[in-house]
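The structure appears right after this line, and notes come after that.
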Amino acid sequence: MIAFVSGPVAALAPTTAVIEVGGIGMAVQCAPGTLAGLRIGQEAKLATSLVVREDSLTLYGFADDDERQVFELLQTASGVGPRLAQAMLATHSPDALRIAVATGDEKALTAVSGIGKKGAQKLLLELKDRLGEPVGAHIGQQGIDTAVSSSWRDQLQAALIGLGYATREADEAVTAVAPQAEAALAAGAQPPVPQLLRAALQTLNRAR
């Protein structure tokens, strides 16, 4: 198993970072929040989880070991593959997921793209005794919701700047997709940052 990769960032894409390790470019699948902290040419160290399939080897990257551990634990639930597990961590921090499961917060799970009401109920049952207690500060669910809701702009802008766009371009793209985020909030869900990032990139490509 590849526990981590360390080296200069050779390239960044909307869902992937290429880390140069011993002269080899390792393609690592990352959530927007992780990609936002990377810069081309700068040294990076990502905790990783290797997913082996009959026809592929996919390396998933995380900001720290806690994210990687939760990523792997989420996949012990039926119906949760690596992509859905990564989507859950793209929407919520590890501690936010732990608190959501501990408190039976169905709404927090349905905020993740690909999880419906029945799926959320099933996950709450299966994950109840698997994720453990929050490792950070114990905060109320209102605090979690507020943090996630208020940070989607920052996450999106940081991801775009990390991909090489100028601050002005990032600001314009964030403004362009703001109605989608506001619609999600109005419906009682959290803004889906991965989908917003794809929409923002489409806006930027059309502008060029």
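Just so it is clear, the model here is predicted, and its values are computed rather than measured.
Taking NZ from Lys128 and OG1 from Thr103, the interatomic distance works out to 10.5 Å, rounded to the nearest 0.5 Å. Atom CZ in Arg98 sits 5.0 Å away from atom CG in Asp95 (nearest 0.5 Å). We find the CD-CE distance between Gln75 and Met88 to be 10.5 Å, quoted to the nearest 0.5 Å. For the atom pair Gln86 CD and Phe62 CZ, the distance stands at 6.0 Å (nearest 0.5 Å). Once rounded to the nearest 0.5 Å, the distance linking CD1 of Ile19 with CG of Leu46 reads 5.0 Å. One finds the CG atom of Leu197 at 10.0 Å from the CD atom of Gln202 (value rounded to the nearest 0.5 Å).
Taking hydrophobic clusters as Ile, Leu, Val, Met, Phe, Trp and Tyr residues chained together by side-chain heavy-atom distances below 4.5 Å, Leu35 shares a cluster with Val9. A single hydrophobic cluster is seen to contain both Ile115 and Leu131, as judged by linkage of ILVMFWY side chains at heavy-atom distances under 4.5 Å, directly or through other members. Following chains of ILVMFWY side-chain contacts shorter than 4.5 Å, one cannot reach Ile99 starting from Val70, and the two form parts of different hydrophobic clusters.
Within the structure, the ring-ring contact (aromatic ring centres under 6.0 Å, His included) test picks out no pair touching residues 10-54 (sequence neighbours left out).
Checking side-chain atoms of Gln42 against main-chain N and O of Leu38 turns up no donor-acceptor pair under 3.5 Å. Thr203 places a side-chain N or O within donor-acceptor distance of the main-chain N or O of Ala199, the cut-off being under 3.5 Å. A donor-acceptor pair under 3.5 Å is formed between the side chain of Glu169 and the backbone N or O of Ala166. A distance-only check finds a donor-acceptor pair linking the side chain of Arg68 to the backbone of Ala3 [under 3.5 Å]. Of the possible polar contacts, one joining the Arg39 side chain to the Ala36 backbone as a donor-acceptor pair under 3.5 Å is found. Between the side chain of Glu126 and the main chain of Ser78, a donor-acceptor pair closer than 3.5 Å is present.
Residues Gln69 and Pro94 fail the side-chain proximity criterion, which asks for heavy atoms closer than 4.5 Å. Residues Met26 and Ile2 meet the side-chain proximity criterion, which asks for heavy atoms closer than 4.5 Å. For the pair Leu74/Leu123, no side-chain contact is recorded, criterion being any heavy-atom separation below 4.5 Å from C-beta on. Val21 is not listed as a side-chain neighbour of Ser6, based on a closest heavy-atom distance of 4.5 Å or more. In this structure, Val112 and Leu84 have side chains that are in contact, with non-hydrogen atoms separated by less than 4.5 Å. Side-chain contact check for Gln29 versus Val51: every heavy-atom pair is 4.5 Å or farther apart. Residues Thr34 and Glu67 are in side-chain contact: their nearest non-hydrogen atoms beyond the backbone lie under 4.5 Å apart. In this structure, Asp105 and Leu124 have side chains that are not in contact, with every pair of non-hydrogen atoms separated by 4.5 Å or more.
When the shell of 6.0 Å around CZ of Arg83 is examined, it contains 12 or fewer heavy atoms from other residues, nucleotides or ligands.
Heavy atoms only, all atoms of each residue included: Thr16 and Ala27 are closest at CG2-CB, 4.1 Å. Annotation for Leu201 and Pro14: closest pair CD1-CG, 3.1 Å, computed over non-hydrogen atoms. Shortest non-hydrogen contact noted between Leu59 and Val5 is CD2-CG1, 4.0 Å. Heavy-atom minimum distance, Pro82 versus Phe71: O-CE1, 3.3 Å. In terms of heavy atoms, Thr48 sits closest to Phe4 at OG1-N, 3.3 Å. The minimum heavy-atom distance between Leu12 and Ala17, with the atom names listed, is CD2-CB, 3.8 Å.
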